[in-house]
2 protein chains.
Amino acid sequence: MEAGRRRRGRSTKDSADLKVEILRAATAEFSTKGFDGARMDAIARRAGVNINLVYHYFGNKDALFVAVMEAAYLTIRTYHNDINLRALDPEAAMSELVRSTFRLFSDNLHIIGLLSSENMHEACHIRQSEQIRNLYNPLLDFIGETLARGVAEGTFRSGVDPVELFITISAQSYFHLSNRHTLGFILHRDLTSAESLAARQRHVVEVILSFLKHQARNSSDA
Amino acid sequence: MEAGRRRRGRSTKDSADLKVEILRAATAEFSTKGFDGARMDAIARRAGVNINLVYHYFGNKDALFVAVMEAAYLTIRTYHNDINLRALDPEAAMSELVRSTFRLFSDNLHIIGLLSSENMHEACHIRQSEQIRNLYNPLLDFIGETLARGVAEGTFRSGVDPVELFITISAQSYFHLSNRHTLGFILHRDLTSAESLAARQRHVVEVILSFLKHQARNSSDA
DNA sequence: CCCTTTATTAAGTATTCACTTAATCTTTGG
DNA sequence: CCAAAGATTAAGTGAATACTTAATAAAGGG
């Protein structure tokens with residue numbers, strides 16, 4: 001397999017591959033064990049490299065985790081796909097945003113483990129990344145503009161806070177997966193089966209769209 | 001403070017207090033550090049006892065965590081307060097259930113840390129507790145019955161799955177807190193301020209109630 | 001008032017783990 | 001074709017950590 005046993009001193013092209021492989025291994029380890037449960041030597045073993053290569057490329061455990069988080073956030077923002085939704089009418093744009101957010105987490109369970117661990121650490125790693133800090137600004141702009149368009153054409157209610165809506169969409173797509181093990185146990189139901197996921201996606205879209213389209217009697221009365 | 005330095009061989013009454021104190025310390029440590037980040041000697045120090053007393057009472061780290069989780073789940077079910085909501089009309093009952101679930105997590109942030117860690121461990125600890133396994137059955141019954149009453153009197157849409165609704169209510173009350181650190185960073189907003197929490201609670205109630213009261217064109221077309 | 005039981009502690013121990021030191025092997029630019 | 005730089009590894013090291021052994025102190029029943 002793979003040209004036999006690894007040998008010392010390989011080309012920069014090969015070593016770039018190794019770096020990617022280490023990152024993949026680290027992502028798997030961190031997302032399933034959490035930062036504290038993850039072991040550096042387990043990452044090296046997963047990647048099939050000597051443990052010191054991990055230190056050579058990434059410095060230390062914290063820096064490696066930061067690198068993993070940066071890649072994860074790029075995946076997240078790619079999935080949102082908001083750039084391609086600007087052309088749609090408000091209702092279609094919103095339901096597509098919900099669907100793509102839902103897909104984001106179902107397709108990338110590892111992101112949930114990473115976020116969960118990072119929140120246990122009070123976001124101390126991503127705080128070091130200026131790249132991540134402003135990653136969501138375009139998405140919030142998109143949500144705000146789409147809401148405004150919907151209000152203007154009379155399909156959406158007014159007074160909805162874009163940030164609040166974003167949290168609601170994410171919550172509905174995230175919680176049933178982040179808590180799938182405890183929920184599965186107390187609800188006596190597997191929440192990760194294909195049917196269960198499909199049913200939940202339908203439910204989530206319906207919840208959010210019926211909220212947006214509902215003309216509230218007393219919404220946003222500060 | 002507390003009759004000076006602790007002495008050996010105290011009465012069973014005092015020692016029951018110590019056991020409670022250890023449990024409180026363990027709850028604080030586990031919820032802020034996670035199972036893997038938590039340190040047994042930190043728990044002993046927090047409780048002000050010798051570390052071996054922790055082992056004497058609880059056996060080992062895993063068993064201690066199980067004890068903490070059992071206490072947490074009792075708190076959870078107490079907050080839901082579903083027993084006292086059965087008397088209300090469907091709409092009031094549902095909005096109260098949302099509010100009490102919301103309060104549950106805002107008032108008990110430690111529960112979020114515990115659940116997060118337990119899910120990272122695939123619920124391996126609570127699985128050992130038969131006490132927890134069926135704790136939610138009455139709540140799901142309550143939700144199912146309240147939905148049926150609402151449909152019968154014409155205020156609620158039909159075809160809503162009680163389990164799905166429960167997850168939605170919990171998700172909306174949980175996610176903004178479980179992910180408060182990463183969200184706070186990327187959204188440039190403090191989600192734990194009193195005003196922010198009040199605004200979110202209003203939003204959450206409105207989202208769920210407008211979903212339930214919306215007469216969907218094509219809901220639950222399985 | 002003794003003796004069993006329970007509470008509490010002191011002082012280890014074995015292991016795990018993040019990280020380091022220092023060497024060797026390969027490639028590649030000059 | 002040599003030398004510097006980079007890739008890769010072997011073999012530690014010191015601190016942290018879950019847990020144990022074994023001793024002591026007091027309570028409380030008979």
Side-chain angles (χ1 to χ4, degrees), chain A residues 1-26 28-30 32-68 117 121 124-125, chain B residues 1-26 28-30 32-68 117 121 124-125:
Chain A
M1 49 288 275
E2 209 188 5
R5 194 73 50 75
R6 292 194 189 294
R7 285 196 310 274
R8 296 175 173 191
R10 52 179 54 216
S11 70
T12 27
K13 176 160 175 302
D14 288 347
S15 72
D17 288 351
L18 280 195
K19 202 172 167 182
V20 168
E21 197 128 349
I22 290 171
L23 211 62
R24 276 204 323 153
E29 175 80 2
F30 280 133
T32 54
K33 307 285 182 61
F35 182 83
D36 293 309
R39 299 293 162 237
M40 293 297 275
D41 74 315
I43 291 171
R45 227 177 311 119
R46 269 184 207 259
V49 303
N50 183 284
I51 183 174
N52 215 22
L53 200 56
V54 181
Y55 287 100
H56 181 249
Y57 282 132
F58 295 96
N60 57 39
K61 194 178 183 182
D62 289 275
L64 177 56
F65 191 82
V66 172
V68 167
S117 176
H121 286 84
C124 71
H125 296 104
Chain B
M1 50 289 274
E2 210 187 8
R5 193 71 52 72
R6 293 193 190 294
R7 285 195 311 272
R8 296 179 172 186
R10 52 178 54 218
S11 71
T12 27
K13 177 159 176 302
D14 286 350
S15 73
D17 287 353
L18 278 196
K19 203 173 166 181
V20 169
E21 198 128 346
I22 291 171
L23 210 63
R24 277 205 322 155
E29 175 79 4
F30 280 132
T32 55
K33 307 286 183 60
F35 181 82
D36 293 310
R39 297 297 162 231
M40 291 299 274
D41 75 313
I43 291 171
R45 227 178 310 117
R46 269 184 208 258
V49 302
N50 183 285
I51 183 174
N52 214 22
L53 200 56
V54 180
Y55 287 98
H56 182 249
Y57 283 132
F58 294 97
N60 58 39
K61 195 178 182 181
D62 290 276
L64 176 57
F65 191 81
V66 171
V68 167
S117 176
H121 287 266
C124 72
H125 296 103

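Labels below follow one simple rule: chain letters A, B, ... track the order of the sequence lines, proteins then strands, and each chain is numbered from 1. FYI, side chains are in, hydrogens and waters are out, and symmetry mates aren't considered; it's all heavy atoms of this structure. Not measured: the values here are computed from a predicted model.
We find that CZ of Phe35(B) is positioned 10 Å from C1' of dA18(D), with the value rounded to whole Å. For Leu64(B) and dC19(D), the CG to C1' distance is 14 Å, given to the nearest whole Å. For the pair Phe65(A) CZ and dA18(C) C1', the interatomic distance rounds to 16 Å; values are reported in whole Å. Straight-line distance from the CG atom of Leu53(B) to the P atom of dA11(C): 17 Å, rounded to whole Å. In this entry the distance linking CD1 of Ile22(B) with C1' of dA7(C) reads 11 Å, nearest Å. Atom CZ in Arg45(B) sits roughly 11 Å away from atom P in dA16(D) (whole-Å rounding). His56(B) places its NE2 atom 13 Å from the P atom of dT5(C), with the value rounded to the nearest Å. Between the P atom of dA11(D) and the OH atom of Tyr55(A) lies a distance of 18 Å, rounded to the nearest Å.
At a threshold of 4.0 angstrom between heavy atoms, the contacts of Ala38(A) are confined to the sugar-phosphate backbone, with no base atom among them.
Judged purely by atom type and a 3.5 angstrom limit, Glu29(A) uses its side chain to pair as donor or acceptor with the backbone of Arg39(A). The backbone N or O of Ala38(A) sits less than 3.5 Å from a side-chain atom of Lys61(A), completing a donor-acceptor pair.
Taking 4.0 angstrom as the limit, Arg39(B) places none of its side-chain polar atoms (N or O) nearer than this to OP1 or OP2 of dA16(D).
Considering only side-chain atoms of Tyr57(B), the nucleotide from dC19(C), dA7(C), dA7(D) that sits closest is dA7(C). Closest contact between the side chain of Val49(A) and the listed nucleotides dT9(D), dC19(D), dC19(C) involves dT9(D). Of the candidate nucleotides dT9(C), dT9(D), dC19(D), dT9(D) has the atom lying nearest to any side-chain atom of Asn50(A).
Residue side chain Asn52(B) reaches the base of dT9(C) through a donor-acceptor N/O pair under 3.5 Å, judged by distance alone.
Note: Phe35(B) and His125(B) meet the aromatic proximity criterion, with ring centroids under 6.0 Å apart.
Of the inter-residue distances, the one linking Asp41(B) atom CG with Asn52(B) atom CG reads 12.5 Å to the nearest 0.5 angstrom.
DNA chain C is contacted by both Gly37(A) and Gly59(A); Gly37(A) maps to the nucleotide lying nearer its 5′ end (nearest heavy atom per residue). With the nearest nucleotide of DNA chain D identified for both Ile51(A) and Met40(B), Ile51(A) has the one nearer the 5' end.
A cation-pi arrangement is found for Lys19(B) relative to Phe58(B), the charged atom lying closer than 6.0 Å to the ring centre and inside a 45° cone about the ring normal.
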